[in-house]
Amino acid sequence: MAKGKKIVFYCQNCGYESSKWMGQCPGCREWNSFVEETVSPQKSGSLYASRKEKQTPVSLSGIDMDKEERMLTHIGELDRVLGGGIVPGSLVLVGGDPGIGKSTLLLQVCRKLSKDQRSVLYISGEESLRQIKMRAKRIGEFNENLKLLCETNLGTIKAVIEEMRPDVVMIDSIQTMYDEEISSAPGSVSQVRESTNVLMQLAKGLGVMIFIVGHVTKDGNVAGPRVLEHMVDTVLYFEGDRHASYRLLRGVKNRFGSTNEIGVFEMQDKGLEEVKNPSQVMLSGRPLDASGSVVVCSVEGTRPILIEIQALVTQTNFGLPRRTSVGIDYNRVNLLMAILEKRAGLQLGNCDAYVNLAGGMKLGEPAIDLGIVLSIVSSYKNRAVDPNTLIFGEVGLSGEVRGVSMAEQRVKEAEKMGFTTCILPQTNLEALKGKFKIHLAGVSNIRESMNYV
Ligand code: TYD
Ligand code: MG
């Protein structure tokens, strides 16, 4: 081996570094994720190492903010997740399973930005120019401000960007890029890290905005986006059920905005379409007057979304009752069932229970507790809850219903969607009295709320 090189083992999932192979990663607990890589001693890779001039510290008031204008992508759902547009010089990672729509989304962003007279460079290491054109044809008309490049060599890419000086650059995907100075294969941890580092220097140095696509992989052959999460400014994940056409874009990290925001899209034959009213989508096709079905409200970022929860409670056939949940924490469901048994006297000990969240969403907010409780009660008693009722509230261990934040927004959303009743915590009721036409039913414990089933 060449002098100065050494062998390192990297976890391809999280980038954990080790001098010997291990079966399980101590960092992320993933099995069989370590791969051998040869690394050269670190070249001067630090962010501003290339700057030779002397730097002097400045005070906050001396920093010019005029240039800090955000660039809108004119895709409302994306702009919101980004915190109100793209910040110049920022590096945005778009992660997600293969085939979920990352390339489509970025191409649509290219289209909008190039219409806005921004120069955009789309670099693909996965598809040929013809393939990109085929995709672009489905999306719509493009103008001359968008330039395409099929390239995987980072040295060439760097030279092109430095010469062309575009406003925005798309890199599809980081796992196909390689730096000649690094001997390991494209997609390995050291390649992915070093490539991101080079892009980071370009973004900060030239003030270009760079979007990076990162595939989430299960097999561990290529490094996942988690390896570079800490290096970039913003991390967005594309989620969604492959069988459903809805896609959620979730902000996981954002140096320039809130991270709880989600954007909702629908994959159509002309690309991704924004879903402006997610509540309507989530509630479409819901059975009316069916036992076990209730509507809850969860606040994602700043936006309230109405979602249906379904529960099915049946007599168990075996000694050990079976409980499953989809989209909701399994332990939370078990806990709420224990509360129902102890505080409301329901005999759930010999019942199977299945609780589902419709629409492929995942929710963790405690405000949906009361909804889960009432859906279980409704299925257990085989009596439907009025379909025009919205339910929210957190449930405590002694069966009390506690107040939740942003109650006003939730009630407003219910009213907008045409609901007539809202079951909510008594503590939230006081502040909302007289503000809404919708009937507000305050409850202080789960026994009271069971009157509405
Ligand atoms: P793509 O953006 O290639 O996914 P990724 O880059 O995340 O791997 O999306 C590919 C999927 O989207 C593919 O299954 C086809 C589908 N699709 C549509 O349904 N409509 C469209 O207009 C486009 C462009 C793609
Ligand atoms: Mg792609």
Side-chain angles (χ1 to χ4, degrees), residues 73-75 77-78 81-82 91-115 120-143 146-152 154 157 168-178 186-187 191-192 195-196 199 210-229 232 234-252 262-275 281 359-360:
T73 63
H74 298 291
I75 298 178
E77 297 290 304
L78 177 64
V81 179
L82 287 170
L91 200 57
V92 180
L93 171 70
V94 180
D97 294 326
I100 196 120
K102 302 179 292 296
S103 309
T104 308
L105 178 71
L106 289 195
L107 206 57
Q108 283 181 272
V109 173
C110 287
R111 177 163 174 259
K112 294 275 187 185
L113 289 176
S114 55
K115 264 195 178 162
V120 188
L121 176 62
Y122 184 97
I123 303 173
S124 178
E126 302 197 328
E127 289 160 311
S128 68
L129 291 172
R130 287 175 60 91
Q131 282 172 319
I132 300 173
K133 174 132 189 181
M134 264 158 60
R135 186 200 302 272
K137 266 192 175 163
R138 296 173 77 170
I139 292 171
E141 297 282 309
F142 283 76
N143 68 17
L146 168 67
K147 298 280 183 268
L148 303 171
L149 178 71
C150 287
E151 182 59 68
T152 54
L154 217 69
I157 290 173
V168 183
V169 177
M170 311 285 175
I171 304 282
D172 190 0
S173 65
I174 191 71
Q175 282 113 347
T176 56
M177 301 295 154
Y178 73 96
Q191 278 290 4
V192 164
S195 305
T196 311
L199 293 171
I210 304 187
F211 281 81
I212 300 175
V213 167
H215 291 297
V216 173
T217 53
K218 293 278 177 285
D219 54 12
N221 289 331
V222 292
R226 282 188 57 191
V227 174
L228 42 127
E229 254 176 18
V232 300
T234 305
V235 180
L236 309 178
Y237 274 106
F238 231 147
E239 303 171 355
D241 193 348
R242 264 171 159 270
H243 307 290
S245 56
Y246 295 102
R247 307 276 186 266
L248 299 179
L249 190 66
R250 198 179 283 277
V252 176
I262 61 164
V264 187
F265 294 92
E266 185 181 1
M267 184 61 99
Q268 294 181 346
D269 54 355
K270 286 196 186 117
L272 289 158
E273 198 68 40
E274 285 176 60
V275 176
V281 171

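Both counts, for ligands and for their atoms, begin at 1 and track the order of listing. Worth knowing before you read on, the calculation uses all heavy atoms, side chains too, and leaves out hydrogens, waters and symmetry mates.
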- Task: Please assess Val232 against Ile210 for the test side-chain contact (heavy atoms from CB on, under 4.5 Å), listing each intermediate value before the final yes or no.
- Result: CA-CA 10 Å; Val232 300; Ile210 304 187; over 6 Å; no
- Message: Quick one, His215 with Lys102, criterion side-chain contact (heavy atoms from CB on, under 4.5 Å). Give me CA distance, side-chain angles, the key distance, then yes/no.
- Response: CA-CA 9 Å; His215 291 297; Lys102 302 179 292 296; 3.2 Å; yes
Contacts table for ligand 1: protein N or O within a distance under 3.5 Å of ligand N or O, distances only.
unit_1, atom_1, unit_2, atom_2, d
ligand 1, 2 (O), Ser103, N, 3.3
ligand 1, 2 (O), Thr104, N, 2.8
ligand 1, 2 (O), Thr104, OG1, 2.6
ligand 1, 2 (O), Arg135, NH1, 3.2
ligand 1, 3 (O), Arg135, NH1, 2.9
ligand 1, 3 (O), Arg135, NH2, 3.3
ligand 1, 4 (O), Gly101, N, 3.1
ligand 1, 6 (O), Ser103, N, 2.9
ligand 1, 6 (O), Ser103, OG, 2.5
ligand 1, 7 (O), Ile100, N, 3.4
ligand 1, 7 (O), Gly101, N, 3.0
ligand 1, 7 (O), Lys102, N, 2.8
ligand 1, 7 (O), Lys102, NZ, 2.8
ligand 1, 8 (O), Gly99, N, 2.7
ligand 1, 20 (N), Arg138, NH2, 3.2
ligand 1, 20 (N), Gln268, O, 2.6
ligand 1, 22 (O), Gln268, O, 3.4
ligand 1, 22 (O), Asp269, O, 3.1
ligand 1, 22 (O), Gly271, N, 2.6

Are the side chains of [X] and [Y] in touch, meaning some heavy atoms are under 4.5 Å apart?
X: Ile171; Y: Thr176; result: no
X: Phe238; Y: Thr104; result: no
X: Lys133; Y: Leu148; result: no

- Item | N, O or S atoms of the protein lying under 2.8 Å from the Mg ion (ligand 2) |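 Result, waters dropped: Ser103 OG.
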- Query: Taking atom CG of Leu105 and atom CZ of Phe211, what is their separation to the nearest 0.5 Å?
  - Reply: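 Reported value, rounded in 0.5 Å steps: 8.0 Å.
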- Message: To the nearest 0.5 Å, what is the distance between CD on Gln268 and CD1 on Ile139?
- Response: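 That separation rounds to 12.5 Å.
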- Message: For Lys147, is the NZ atom crowded, meaning more than 12 foreign heavy atoms sit under 6.0 Å from it?
- Response: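 Count over threshold, so yes.
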- Query: If you look at every heavy atom in Ile100 and Met267, which pair is closest and at what distance?
  - Reply: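 Nearest heavy atoms, Ile100 then Met267: O-CE, 4.1 Å.
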